[in-house]
Amino acid sequence: MGRPARDPGTDPAAHARVLTGVFDAVLSGDEHGPAPRPVVSASWQRSLAAHVDPEHRTPPVVYAEDELAAVRDAHPLAEVLPLLRGTLASIADEAMHVMLVTDAAGNVLWRDGAAKLLVRADGVGLFPGTNWSEAAIGTNAMGTTLAVDAPVQIHSAEHLVRTYHSWTCVAAPVHDPDTGAILGAVDVSGPLHTVHPALVQLVAATAQLAEHHLRVKLAIADERLRMENMGHLTRLGPAAGALVTRSGRLLAGQPYGWWPERVALPGAGPAGAGQRRRGGRRAAGRRLAAALPARPVRLAPAPPTLTLRFLGDGLPRARLDDRPLPLTLRPAEVLTALAVHPDGLTGEQLALLLYGDRGNQTTVRGEVHRLRQLIGADLLMTRPYRLAATVDSDVLAVRRALTDGRVADALAASPGLLLPRSEAPLVRGLREELAGGLRRAVLDTGDVDLLHRLAGSGVGADDLAVHDRLLELLPAGDARRGAVLAHRDRLLAG
């Protein structure tokens, strides 16, 4: 976790003045001045790269008050909240601190502490629903502990934003015992004069206690699952099989030692790829009710299909399996970016693709949050942002057809331009790529029927070169010639 923000016995106010000197020296560009601690220096660099302004910044509100109840109920740390409150909240109240619990993105979900301090915390945005990631509000214990995945203490002017120089805070991450992923952070914050070196150990120990509680709950659930489903394995007789959790963790397998500790579930990779057992041999997954010899039992359902139709009249259309999704332009742009980047995008990358150099990760985070509410948090994953669904996209279909030389298929799948009203850099580039590629491919064929279809589509309707070429190829007696000639004349007149 690195060395603490100050040495035991040091006066907090005096140390704060020293840190203010460090802060001023670094931000003024004084290369010969004192340097902050390495963990703070690295955090400042990340925060400044995210365009956090040290002089004018407040945390963004990502959850309205009426949204918080549902978000809290669905979060795994709700299970350990009584433990956290029992361990830290009473201490925070007595010592003029506030206890905060965030999710993995740095969004504050819960807060407890001294009533007088809560009023002061409200004044600086330290309340549930706000985002305290480094990208949103710069160096702070909650955001930095999530960034470095270790307990962190940030004192006074170690905060990048000057507003929080009168505060001190300590935070530690809490991990999922199943996957090892960060679930969120637990934090204790207060006025700088309340800092105590032992807080780092206390908060870190509390986070570990919460992880232990979750691990015990997981073990109980695992045992229950084994007891309820071992019959599926025993019915396989001497054949090989395995019982795994939804995350692919092995609960039981036969023969003993034949299966890895974690199995990549079918549906996570290319269709029909199967899964590798020890020794490199493959096995296919099946749902629990259809377990077969030499196949692992599958608990996870097949991913739903997300259908995206963004080419045409400018009205984005989408369906999740059989359910229509009401989309406006901005979520359609986000889905376009994720569809063409199936391996995922960071917040910074997504901001650049949607907004260019003026992109802001906080804005992106808000758009992603709204989109997750629409399609489901389990289908729009984070870190990086990616779609956990089978994507059926007209953009991808046209791209594949052009790459394969299937010009007629590409034209059939492209009734018009991609999201014509969008000014997002990614969408503009894709729009030009698809329209230009389709135009060149059809012109190169010299096929009159394909050219006529292109000229009547949203891609070629205003393209004078397409109409000129079509008139060159149309026979003099072709019934289509008159209409094409009239449209070409209108293009010339316009």
Side-chain angles (χ1 to χ4, degrees), residues 46-53 57 59-63 103-107 130-131 133-138 143 147 306-320 325-377 379-389 391-399 414 416-437:
R46 291 191 298 268
S47 303
L48 291 171
H51 308 293
V52 174
D53 185 346
R57 195 75 172 197
V61 177
V62 295
Y63 292 123
D103 61 15
N107 302 315
T130 53
N131 181 263
S133 66
E134 287 184 337
I137 194 61
L306 182 62
T307 303
L308 307 177
R309 296 293 178 260
F310 295 165
L311 300 172
D313 57 11
L315 299 175
R317 297 173 177 86
R319 299 182 71 88
L320 186 59
L325 298 175
L327 285 187
T328 55
L329 181 60
R330 186 59 76 188
E333 292 170 338
V334 175
L335 286 171
T336 299
L338 297 177
V340 298
H341 292 89
D343 292 334
L345 295 165
T346 65
E348 183 178 5
Q349 290 170 328
L350 191 54
L352 186 64
L353 291 174
L354 296 183
Y355 302 102
D357 292 338
R358 61 187 177 85
N360 184 291
Q361 292 186 56
T362 302
T363 304
V364 164
R365 192 174 297 110
E367 295 293 345
V368 169
H369 168 64
R370 285 185 283 275
L371 186 55
R372 294 184 87 199
Q373 289 183 311
L374 178 65
I375 70 174
L379 297 185
L380 206 172
M381 311 298 286
T382 59
R383 296 195 174 192
Y385 296 127
R386 62 199 184 280
L387 293 171
V391 178
D392 174 15
S393 164
D394 51 2
V395 171
L396 300 180
V398 173
R399 261 188 161 184
S414 183
L417 299 174
L418 171 62
L419 300 176
R421 294 185 296 111
S422 174
E423 293 299 321
L426 167 81
V427 176
R428 289 203 311 267
L430 279 174
R431 188 190 302 143
E432 294 170 3
E433 172 196 328
L434 296 178

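Quantities reported herein were computed from a predicted structural model and do not represent experimental measurements. Numbering starts at 1 and runs along the sequence shown.
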*Among all residues two or more places apart in sequence or in another chain, which pass the side chain to side chain contact (heavy atoms under 4.5 Å, CB included) test with Leu315?*
Asp313, Arg317

_Close side-chain approach of Ile137 and Val52, heavy atoms under 4.5 Å_ = no

*How far does CG of Leu380 sit from CG of Leu374, to the nearest 0.5 angstrom?*
10.0 Å

Exercise answer: donor-acceptor pairs, residues 418-426 side-chain atoms, under 3.5 Å, sequence neighbours excluded:
unit_1: Ser422; atom_1: OG; unit_2: Glu333; atom_2: OE2; d: 2.5
unit_1: Ser422; atom_1: OG; unit_2: Ala424; atom_2: N; d: 3.2

*Taking atom CD of Gln361 and atom CD of Glu134, what is their separation to the nearest 0.5 Å?*
10.5 Å

N/O donor to acceptor pairs below 3.5 angstrom from side-chain atoms of residues 349-357, sequence neighbours left out:
unit_1: Gln349; atom_1: OE1; unit_2: Thr346; atom_2: N; d: 2.9
unit_1: Gln349; atom_1: OE1; unit_2: Thr346; atom_2: OG1; d: 3.3

*Check side chain to side chain donor-acceptor pair (under 3.5 Å) between Asp392 and all other residues, then give those that pass, not counting sequence neighbours.*
Arg309

*Would you say Leu306 and Leu379 make side-chain contact, with heavy atoms under 4.5 Å?*
no

*Look up atom CZ in Arg330 and atom CG in Leu327, then write down how far apart they are to the nearest 0.5 Å.*
13.5 Å

*Could you walk me through whether Leu311 and Leu434 pass side-chain contact (heavy atoms from CB on, under 4.5 Å), step by step?*
CA-CA 10 Å; Leu311 300 172; Leu434 296 178; 4.1 Å; yes

*With sequence neighbours excluded, tell me which residues meet side chain to side chain contact (heavy atoms under 4.5 Å, CB included) with Thr362.*
Arg57, Pro60, Ala136, Asn360, Arg365

_To the nearest 0.5 Å, what is the distance between CG on Leu371 and CG on Leu335?_
4.5 Å

*Report the residues that fulfil side chain to side chain contact (heavy atoms under 4.5 Å, CB included) with Glu433, sequence neighbours left out, ordered by chain and then residue number.*
Arg399, Leu430

_Set of residues satisfying side chain to side chain donor-acceptor pair (under 3.5 Å) with respect to Asn107, sequence neighbours excluded_ = Asp103, Asn131

*Could you tell me which non-hydrogen atom of Ser133 sits nearest to which non-hydrogen atom of Ala105, and how far apart they are?*
CB-O, 3.6 Å

*Any residue meeting ring-ring contact (aromatic ring centres under 6.0 Å, His included) with Tyr63, in chain and number order, not counting sequence neighbours*: His369

*For residues Arg386 and Gly344, report the shortest heavy-atom separation together with the two atoms involved.*
CB-CA, 3.8 Å

*Only counting residues at least two apart or in another chain, list the ones meeting salt bridge (Lys or Arg N to Asp or Glu O under 4.0 Å) with Arg431.*
none

_Those residues that, when tested against Glu367, pass side chain to side chain donor-acceptor pair (under 3.5 Å) (two or more places apart)_ = Arg370

*asked:* Please enumerate all residues that pass side chain to side chain donor-acceptor pair (under 3.5 Å) together with Gln373, with sequence neighbours excluded.
replied: Glu67

*Do Tyr385 and Val364 come within less than 4.5 Å of each other through their side chains, counting heavy atoms only?*
yes

*Working to the nearest 0.5 Å, report the span between CG of Leu320 and CG of Leu308.*
10.0 Å

